[in-house]
Structures are given as structure tokens and as C-alpha cells.
> 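Submitted below is the structure of interest, expressed as C-alpha cells.
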Amino acid sequence: MGFWRGVLVVVTVACACRTYDTIYTLDGGTCGLPRLFCGFTCVDPTSDRLNCGTCGFTCGDNARCVSSSCEPCPSGQLACGTSGASFCTDLTNDDKNCGQCSFACPHGLQCSASVCTCALDTCGTDCVDTKTDVAHCGGCDTPCPSPGTNEAETCISGHCAQQCVAPYADCDGLGTNGCEANLQTDGANCAACTRSCNSGPCTSGLCPLVSYATGTSLSGIAVDASFVYWSASGTGGVVAKAPIGTTTTQVVQNDTGARLVAVDGARIVWFHGSDTIESLPLGGGSVTPITIASSGQMLTLSGGYVYYAQDDGRIFRVPSDGSLPPTKLSSQGSVAMPILAVDATNVYFVPASGGIGYVPIGATNASPSPFANITDAPNATSLALDATNVYWTDIAGTVTSQPKSGGSAKVLASGLYSPTALATDSINLYVYDGYGNIRRLSTKGGPTIVIATSQGQPPAALAVDTTNVYWTSTTHVGSTPK
């Protein structure tokens with residue numbers, strides 16, 4: 001049988017048997033078609049420039065083998081590689097083929113005029129970047145100090161720096177004790193420096209949660225100095241409250257049509273069904289229907305007035321005690337989504353045309369004015385205000401800010417999944433995303449941290465006070481230290 005190795009034998013049987021090929025090769029069968037044995041080497045003739053199309057046919061120095069045919073290289077390039085890896089390159093500047101094929105420049109060197117040279121800094125026989133090399137930081141033989149506890153040494157722009165190794169952080173700012181805080185387990189620095197769990201444990205970067213209510217058809221969230229408020233519609237529907245930090249629910253009003261709530265120092269207000277806004281003094285008394293809002297979509301309470309939008313997009317305000325009839329602020333259908341935010345001067349909203357608009361709080365039948373353009377706010381999903389900025393989220397997962405006094409919009413975060421609610425304490429922003437996570441980020445921008453997980457699906461509402469962030473999804477009312 002050894003005499004026949006390397007010979008193709010075609011056997012045809014003159015019966016109903018099938019026809020088949022038998023390949024005998026020098027290596028016992030691993031060099032199968034379309035590869036060939038050329039001498040004692042198995043090659044691919046479709047791409048081997050030394051055996052292009054057949055054994056021994058060489059393409060030459062300035063051509064590569066493509067589909068079994070020699071193909072000239074572009075001007076100024078030569079061919080490198082052999083079987084299955086034929087390619088054209090410029091040997092004058094290819095770091096992996098410098099001056100000749102397969103000659104790679106050592107680490108740190110670059111190919112220039114076919115010679116490996118140091119384009120950075122030469123320290124002895126080493127080619128280094130003194131802007132980033134921890135052994136030659138800012139100059140040759142200038143090593144960075146050894147890192148401290150939970151630190152890694154780095155050289156940034158020629159200056160030594162220490163970076164904390166996750167999940168540790170230098171929260172006390174001393175520098176002498178390294179990165180002392182474990183953000184996954186430190187109850188005084190949970191997920192971020194100075195985020196305290198209020199004497200509770202920090203587990204995997206999360207503080208304990210307070211669960212005020214679970215159920216269905218929950219909506220709205222409001223908080224004052226003593227209580228958390230929410231509503232639930234349907235069978236057993238109520239406007240309810242609980243002392244902050246406890247799970248003792250108190251019924252404010254039985255109302256199967258209750259949805260959305262707002263509170264100030266004097267009153268709590270809510271939608272009764274789709275039309276009526278009702279008001280109740282916090283100190284007790286009778287419920288007062290203060291207006292009929294045709295399919296009311298949103299309400300907020302500020303400065304003794306309730307601001308709300310109807311399903312036709314018009315914006316109104318009415319005294320929270322119902323002492324006067326409502327005033328129509330906008331002269332046309334304005335609100336595309338049930339989103340309103342109010343400060344001492346204006347009502348901000350999302351127009352049907354996109355972007356963000358506003359009307360003065362004391363306006364009567366006013367034409368809305370543009371605030372943010374449609375490019376910066378194409379599909380806003382929530383709004384929040386502080387003294388100087390308007391903040392919003394959009395369906396693309398971006399958080400953006402823009403100064404009230406004028407100026408350009410600034411993207412603070414991106415890549416969030418379906419954010420639906422937003423609140424701020426002027427230092428941080430709190431975002432409810434489509435996964436049921438509550439995230440925190442600085443009002444100046446930067447990475448987000450997750451401070452609560454798996455809190456139910458939107459629609460959702462958020463509120464903050466001096467210590468906690470509160471939320472309501474359709475199934476859950478909760479809070480956690482902010």
C-alpha cells in the first residue's frame with residue numbers, strides 16, 4: 001500500500017453502487033483537498049504565493065495569491081505570508097514586517113523607513129513613554145512609589161498617581177491608609193463614598209430597603225417631613241400614608257378611583273378617577289373636589305396651587321383649597337406626554353412637537369415658549385428641576401441637563417434602559433429604569449450607581465428628601481438611603 005500513497009484513485013463500479021473518491025496522503029489523511037502536498041509540505045494553492053494554483057508556481061515579491069491566481073500588490077507594497085496568509089504590506093512602516101517580511105519591531109519601537117526606531121523616550125536600552133510608564137514616570141529612572149493598600153500605581157501625563165482597586169475607594173481622603181472603604185460592604189460608604197445606610201448593613205453595594213406597600217394599580221409618590229404618601233385604585237383603593245421608615249400604613253381616604261398624589265405643607269391632592277381633583281387638609285377635615293379635569297393626565301402641587309394637564313394637552317392651575325376656579329395657562333394643546341415640572345416661575349412640559357417647552361405659572365391663555373430643542377430632547381420621558389437647571393430623560397436612555405438661564409444642553413449619562421422617572425436634590429439625580437432599578441448620578445454627570453434593584457416595572461414615580469429616595473411602581477412603594 002505504501003507504493004500508492006499520494007496517488008488519487010478513482011474507482012467506478014458498473015453496478016448500482018455509488019461512485020466515491022479515495023485520497024491517499026503522506027500524513028495519513030490530514031492534507032485534504034483543496035490543499036496539496038508540494039514536496040513534503042501541505043499547502044493551500046488558492047492563497048500560497050510560493051505554490052499559487054499548483055506546486056512550484058511562485059507569484060514573486062510584488063504579488064500575492066488570490067483564488068489560485070497571482071494578484072499584483074499596490075504600488076509601494078510587497079507580498080508577505082505564504083499558505084493561507086498571503087497579504088500585501090508596506091515594509092517601510094509596518095511594525096510587524098519592518099524592512100522584511102515577518103520582522104516585528106520589539107515592544108515600544110515603531111517601524112520608520114524600514115528600521116525599528118523609538119518614537120517615544122529612550123531610557124537606557126528601553127523605549128518607553130515617560131507620560132505613562134510607572135518605571136520612568138516624567139523622566140528616565142523615575143519610578144512611581146509602591147502602591148498602598150488596595151491601590152494600583154499609575155503614571156498619568158508624567159505624574160504618579162494611585163488608583164483604587166475596585167470595589168475599594170479612598171473615602172476618608174487621608175491618602176496615608178490607602179483605599180480603606182469597601183463600597184460593597186461599608187455601611188458608611190455603600191456603593192459610593194459618604195452614602196450611609198443609616199446604621200444598616202451594606203450588602204453587595206445596596207442598603208436595606210423599606211417596603212411601604214405592595215399590590216396592584218399603585219401610583220404617585222409624595223413625601224413631607226413625616227410621611228410618605230401614595231395611592232391605589234380599584235378594589236380596596238385608597239389614598240394612604242406611612243411614617244417615614246416604618247411599614248405602618250394609614251388610610252388617608254378610601255377611594256377606588258384614586259391615582260397620583262401630591263402634597264405640600266398644608267394639603268394632599270389626588271385625581272379621583274379620570275376627571276376630578278380632590279383635596280384634603282393634612283391636619284384633617286373634609287375632602288373637597290376642587291375642579292373637573294377632563295381625563296387629567298398629570299398633577300403637581302406648588303405654592304398653594306395644583307398644576308395639571310388634560311388629555312387635550314392644555315395646562316391648568318387651580319388653588320389647592322378650591323377657593324377659585326382653574327386658570328388655563330396655555331392657549332393650545334401642548335403636552336404630548338403626562339409630564340410636568342414646576343418651579344417658582346414656570347411650568348415645564350413636553351410639547352407634542354418634541355423638545356421641552358414652558359409657560360409662566362401666572363399666564364392666562366399664553367402661547368408656550370420653547371426651552372430645549374427637539375435635537376436635544378426628541379422624546380423626553382421625565383423632567384426634574386433644581387434652582388439652576390432643567391433635567392430630563394428620553395426613550396434612548398439619555399439623561400440631559402440645560403441651564404434655565406440659557407445655554408447648551410449637556411448629556412450627563414447615556415445607555416440607560418427605558419428611564420421613566422427622575423428626581424433631584426440638586427447634588428444628585430435619581431432615575432428609575434425599565435429594569436426596575438433606581439440609579440444615582442451626579443448632577444454634573446458621570447457614571448451611575450444602582451441603589452435599589454427589582455422594584456417592579458414602570459410606570460413609576462420618584463421623590464427625595466434630605467436622607468432617602470422614594471418610589472412607586474405599579475406594584476411596589478419603597479425607599480432606601482440616597
Side-chain angles (χ1 to χ4, degrees), residues 192 194 298 300-303 305 307 309 313-315 317 329-433 438-449 460-466 469 482:
T194 71
M298 178 67 185
T300 187
L301 185 56
S302 178
Y305 285 87
Y307 297 83
R314 290 175 172 82
I315 302 169
R317 80 168 185 171
L329 304 184
S330 64
S331 60
Q332 59 190 17
S334 302
V335 180
M337 300 180 66
I339 302 170
L340 295 177
V342 181
D343 62 15
T345 306
N346 297 309
V347 182
Y348 297 86
F349 58 91
V350 178
S353 57
I356 294 172
Y358 70 95
V359 290
I361 59 173
T364 302
N365 274 345
S367 297
S369 300
F371 175 75
N373 62 49
I374 192 171
T375 301
D376 295 324
N379 294 284
T381 55
S382 60
L383 291 173
L385 310 174
D386 62 17
T388 57
N389 294 295
V390 178
Y391 306 91
W392 64 89
T393 61
D394 61 39
I395 60 174
T398 299
V399 182
T400 307
S401 70
Q402 185 168 310
K404 292 179 179 178
S405 59
S408 300
K410 176 184 177 183
V411 174
L412 305 178
S414 59
L416 280 66
Y417 174 68
S418 298
T420 58
L422 186 65
T424 185
D425 57 9
S426 299
I427 299 172
N428 292 305
L429 292 161
Y430 304 87
V431 185
Y432 200 117
D433 71 21
I438 292 87
R439 296 176 175 270
R440 193 189 88 173
L441 72 150
S442 169
T443 54
K444 297 179 181 179
T448 67
I449 63 169
L462 287 173
V464 294
D465 62 13
T466 56
V469 56
K482 64 179 186 179

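Remember, predicted model here, so these are calculated numbers, not experimental data.
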> Looking only at non-hydrogen atoms, find the nearest pair between Ala192 and Ile449 and report the distance.
CB-CD1, 3.6 Å
> Can you give me the closest heavy-atom contact between Leu462 and Ala423, atom names plus distance?
CB-CB, 3.9 Å
> Looking at Val431, Asp394, Thr393, which one forms a side chain to side chain contact (heavy atoms under 4.5 Å, CB included) with Leu416?
Val431
> Mind checking salt bridge (Lys or Arg N to Asp or Glu O under 4.0 Å) for Asp465 and listing every partner two or more places apart, or none if nothing turns up?
none
> If you take all heavy atoms of Gly397 and Pro419, which pair is closest and at what distance?
CA-CD, 3.7 Å
> If you measure from CD1 on Ile315 to OH on Tyr307, what distance do you get to the nearest 0.5 Å?
11.0 Å
> Which heavy atom of Pro360 sits nearest a heavy atom of Asn346, and at what distance?
CA-OD1, 3.5 Å
> Strictly distance-based, threshold 3.5 Å: is any side-chain N or O of Ser426 a donor or acceptor partner for the main-chain N or O of Asp386?
no
> Go through the structure and list residues passing salt bridge (Lys or Arg N to Asp or Glu O under 4.0 Å) with Asp343, not counting sequence neighbours.
Lys404
> Just to verify, what does Thr400 make a side chain to side chain donor-acceptor pair (under 3.5 Å) with, not counting sequence neighbours?
none
> Within this structure, what is the CZ-CG distance for the pair Arg317 and Leu301, rounded to the nearest 0.5 Å?
12.0 Å
> Relative to each other, are the rings of Tyr358 and Tyr348 parallel, tilted or perpendicular (30° and 60° limits)?
tilted
> Look up atom CG in Leu429 and atom OG in Ser382, then write down how far apart they are to the nearest 0.5 Å.
9.5 Å
> Minimum heavy-atom separation for Lys444 to Lys410, with atom names?
O-NZ, 3.0 Å
> Might you point out which heavy atoms bring Ala413 and Thr448 nearest each other, and give the distance in Å?
CB-CG2, 4.2 Å
> Looking at Thr443 and Ile427, would you say the former's side chain and the latter's main chain have a donor-acceptor pair under 3.5 Å?
yes
> How many angstroms lie between atom OG of Ser353 and atom CG of Asn373, to the nearest 0.5 angstrom?
11.0 Å
> List the steps and the verdict of side chain to side chain contact (heavy atoms under 4.5 Å, CB included) for Val469 and Val464.
CA-CA 4 Å; Val469 56; Val464 294; 3.8 Å; yes
> With sequence neighbours left out, write down each residue that passes salt bridge (Lys or Arg N to Asp or Glu O under 4.0 Å) with Asp376, or none if nothing qualifies.
none
> Sequence neighbours left out, what passes side chain to side chain donor-acceptor pair (under 3.5 Å) with Arg314? Give chain and number order.
Asp312
> Could you work out, with side chain to side chain donor-acceptor pair (under 3.5 Å) as the rule, every residue matching Asn389, not counting sequence neighbours?
Tyr391
> Look up atom CG in Leu329 and atom CD1 in Ile361, then write down how far apart they are to the nearest 0.5 Å.
9.0 Å
> Between atom CG of Leu441 and atom OG1 of Thr424, what is the distance when rounded to the nearest 0.5 Å?
9.0 Å
> Test side chain to side chain contact (heavy atoms under 4.5 Å, CB included) on Asn428 and Lys482 and set out the steps.
CA-CA 9 Å; Asn428 292 305; Lys482 64 179 186 179; over 6 Å; no
> Any side-chain to backbone donor/acceptor pair from Gln402 onto Phe371? Under 3.5 Å, distance only.
yes
> Quick one, Phe349 and Ser330 - any side-chain contact, counting heavy atoms below 4.5 Å?
no
